[in-house]
Amino acid sequence: MVKIPEKRNEMLMKVEFYGHVRQYQNIQPEIDANMRGVLMSGQYVMGPMLKRFEEELARYHGLKHAVGVGNGTDAIWLALMALGIGPGDECITTTNTFFATAEAIWIAGATAVFVDSDPRTHCIDPARIEAAITPQTKAVVPVHLYGQCADMKAIRQIADKHKLYVIEDNAQAIGAKGDGFRIGELSDAATTSFIIQKNLGTFGDGGALVTNSDAIDRAVRRMRNHGSEKRSCHSYGFNSRLDDLHAAVLSAKLQHIDAGNDQRRKWAARYDAGLQGARNFTLPYATPGYRHVFHLYVIETKKPAQRDALIKYLADNGIDAKCHYPIAIHQQEGYPWGKSARIVGPIPNSERNAATCVSLPMFPELTEAEVDYVISKTLDWDRAQA
Ligand SMILES: Cc1ncc(COP(=O)(O)O)c(C=O)c1O
């Protein structure tokens with residue numbers, strides 16, 4: 001049971017949203033040694049460090065292949081293109097995700113088809129998928145939002161029944177597990193992002209795709225490198241490679257990902273215990289039997305009008321809270337920007353999530369005092385509500 005500081009006149013603390021520098025300081029010798037190795041090797045693009053990291057990442061997932069690419073968005077559209085998905089095809093996903101999920105479908109040239117999310121997990125609601133399937137549907141792109149896997153068993157069943165591909169957008173949940181399934185096990189490929197703020201992040205942009213499919217692996221390897229498998233021989237492709245310096249950072253950090261995720265889970269449990277009983281917001285839902293890795297710890301205010309007020313109250317008290325994501329994709333100005341899109345059924349859960357979500361600071365290097373301070377101030381705000 002968490003003890004909340006008794007009186008609310010603590011000193012004003014500053015609690016950041018991210019702990020990038022703390023993390024670097026904690027494992028600096030390992031990161032520096034890896035980066036120096038690359039610098040001294042003279043091989044910075046498609047070099048031995050990238051190969052090593054790809055092997056480590058594939059092993060970590062228990063899958064045959066990992067391909068490093070420029071960022072998590074590219075990983076998605078490269079996967080879709082590797083499957084031959086393009087204009088005239090439809091991919092089903094949700095609107096309460098980071099914009100990049102939909103963007104990648106559009107970059108591949110396909111139609112983004114949006115269905116509602118589960119009201120508790122905020123991942124795609126499998127019960128909504130079948131109504132959205134047409135003869136043009138080629139793939140489902142579930143997002144493991146906030147660090148928790150979507151219901152992949154249900155999604156796999158639907159995909160098998162309708163002969164659809166499944167690409168997991170795993171930008172937010174590396175190291176998570178489902179109830180009896182691992183990421184990448186029930187899909188054609190899983191993609192991830194290594195932008196710095198992710199659970200496994202580099203000092204800049206990066207991404208990867210993991211798969212058991214030799215064909216997807218080969219196609220993405222070729223496309224990420226100007227359509228080339230050997231020097232001076234090209235087919236249509238792009239430049240989207242993971243630099244060796246980023247691979248060096250990621251290789252060092254990969255050794256610590258499980259410990260970091262465990263620490264996130266510990267802070268989430270502390271938030272849960274400290275904040276339970278609050279009247280004006282609900283706590284994140286962790287599906288029983290799943291390993292939620294809390295990329296984000298997202299509470300939801302009871303009323304939409306309370307969202308920004310809570311964020312402001314926390315900011316006034318030195319706490320950086322954010323919103324993921326405050327405007328659902330279909331509610332963004334200009335939607336769908338001339339791109340092909342369809343919304344199937346009402347999507348109240350996604351819309352409510354967008355209107356009420358507040359992400360509290362969450363990173364492994366938080367201190368107990370910081371977590372307790374966030375709990376204390378969030379409860380202060382809760383008590384002050386009518
Ligand atoms: C769910 C989701 N999908 C895709 C991406 C895109 O990743 P990147 O920023 O590396 O392109 C992100 C994060 O940025 C994300 O959170």
Side-chain angles (χ1 to χ4, degrees), residues 17-18 20 53 57 66-81 91-108 110 112 114-115 117-118 121-124 139-150 152 155 166-176 183-184 187 189-210 220 223-224 238-243 246-247 249-250 253 261 264 284 292-298 322-330 332 350 353-354 357 359 362-363:
F17 195 77
Y18 299 120
H20 309 325
F53 173 64
L57 191 67
V67 192
V69 297
N71 54 68
T73 312
D74 289 5
I76 302 169
W77 60 256
L78 282 164
L80 297 175
M81 285 191 193
C91 300
I92 300 172
T93 190
T94 45
T95 62
N96 67 331
T97 171
F98 181 61
F99 188 75
T101 316
E103 194 177 35
I105 294 169
W106 287 320
I107 291 171
F114 300 108
V115 298
S117 49
D118 179 276
T121 66
H122 306 303
C123 296
I124 192 167
V140 183
V141 186
V143 182
H144 302 322
L145 202 70
Y146 301 155
Q148 175 160 246
C149 294
M152 288 300 298
I155 293 167
V166 180
I167 300 296
E168 297 171 73
D169 177 349
N170 189 33
Q172 301 194 358
I174 191 161
I183 287 167
S187 64
T191 63
T192 196
S193 165
F194 300 129
I195 193 168
I196 180 65
Q197 65 265 29
K198 298 302 194 227
N199 290 28
L200 181 63
T202 185
F203 303 126
D205 278 308
L209 167 151
V210 289
V220 174
M223 282 192 291
R224 76 168 172 182
F238 312 88
N239 178 355
S240 182
R241 300 172 294 222
L242 180 67
D243 294 328
H246 287 309
V249 174
L250 293 163
K253 287 194 181 184
N261 283 341
R264 286 172 184 269
H292 191 325
V293 294
F294 291 96
H295 170 56
L296 295 165
Y297 185 92
V298 181
K322 297 190 187 298
C323 259
H324 298 85
Y325 296 92
I327 312 173
I329 292 171
H330 66 293
Q332 299 270 346
S350 295
N353 184 227
C357 59
S359 308
M362 170 55 79
F363 54 90

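For the single chain, residues carry numbers from 1 onward in sequence order. Atoms within each ligand, like the ligands themselves, are counted from 1 in listed order. Atoms considered below: every heavy atom in the structure, side chains included; atoms not considered: hydrogens, waters and symmetry mates.
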For this session: For Lys253, enumerate each residue passing the side chain to side chain donor-acceptor pair (under 3.5 Å) test, keeping only those at least two apart in sequence or located in another chain.
Result: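 Partners of Lys253 by the side chain to side chain donor-acceptor pair (under 3.5 Å) criterion, ordered by chain and then number, come out as Gln23.
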
For this session: Under the ring pair (Phe, Tyr, Trp, His ring centres under 6.0 Å) rule, collect the residues that match up with His330, sequence neighbours excluded.
Result: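 His330 satisfies ring pair (Phe, Tyr, Trp, His ring centres under 6.0 Å) with no residue once adjacent residues are dropped.
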
Problem set entry | Partners meeting ring pair (Phe, Tyr, Trp, His ring centres under 6.0 Å) with His246 (sequence neighbours left out) |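 Counting only residues at least two positions away or on another chain, His246 forms no ring pair (Phe, Tyr, Trp, His ring centres under 6.0 Å).
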
Problem set entry | Test side-chain contact (heavy atoms from CB on, under 4.5 Å) applied to His292 and His144, Arg264, Gln148, the passing residue |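 When His144, Arg264, Gln148 are each tested with His292, the side-chain contact (heavy atoms from CB on, under 4.5 Å) holds only for Gln148.
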
Would you tabulate the polar-atom pairs, meaning N/O of ligand 1 against N/O of the protein, with distances under 3.5 Å, reported to 0.1 Å?
residue  : atom   : partner : partner atom : Å
ligand 1 : 3 (N)  : Asp169  : OD1          : 3.2
ligand 1 : 3 (N)  : Asp169  : OD2          : 2.7
ligand 1 : 7 (O)  : Ser193  : OG           : 3.3
ligand 1 : 10 (O) : Gly72   : N            : 2.7
ligand 1 : 10 (O) : Ser193  : OG           : 2.7
ligand 1 : 11 (O) : Asn71   : OD1          : 3.4
ligand 1 : 11 (O) : Gly72   : N            : 3.3
ligand 1 : 11 (O) : Thr73   : N            : 2.9
ligand 1 : 11 (O) : Thr73   : OG1          : 2.5
ligand 1 : 14 (O) : Lys198  : NZ           : 3.3
ligand 1 : 16 (O) : Gln172  : NE2          : 2.9
ligand 1 : 16 (O) : Lys198  : NZ           : 3.0

Problem set entry | Under 3.5 Å donor-acceptor, Ser240 side chain and Val69 backbone |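 Looks like no, no N/O pair under 3.5 Å.
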
Problem set entry | Check: Phe17 ring centre within less than 6.0 Å of His324 ring centre |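 Yes - the distance between ring centres of Phe17 and His324 falls below the 6.0 Å cut-off.
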
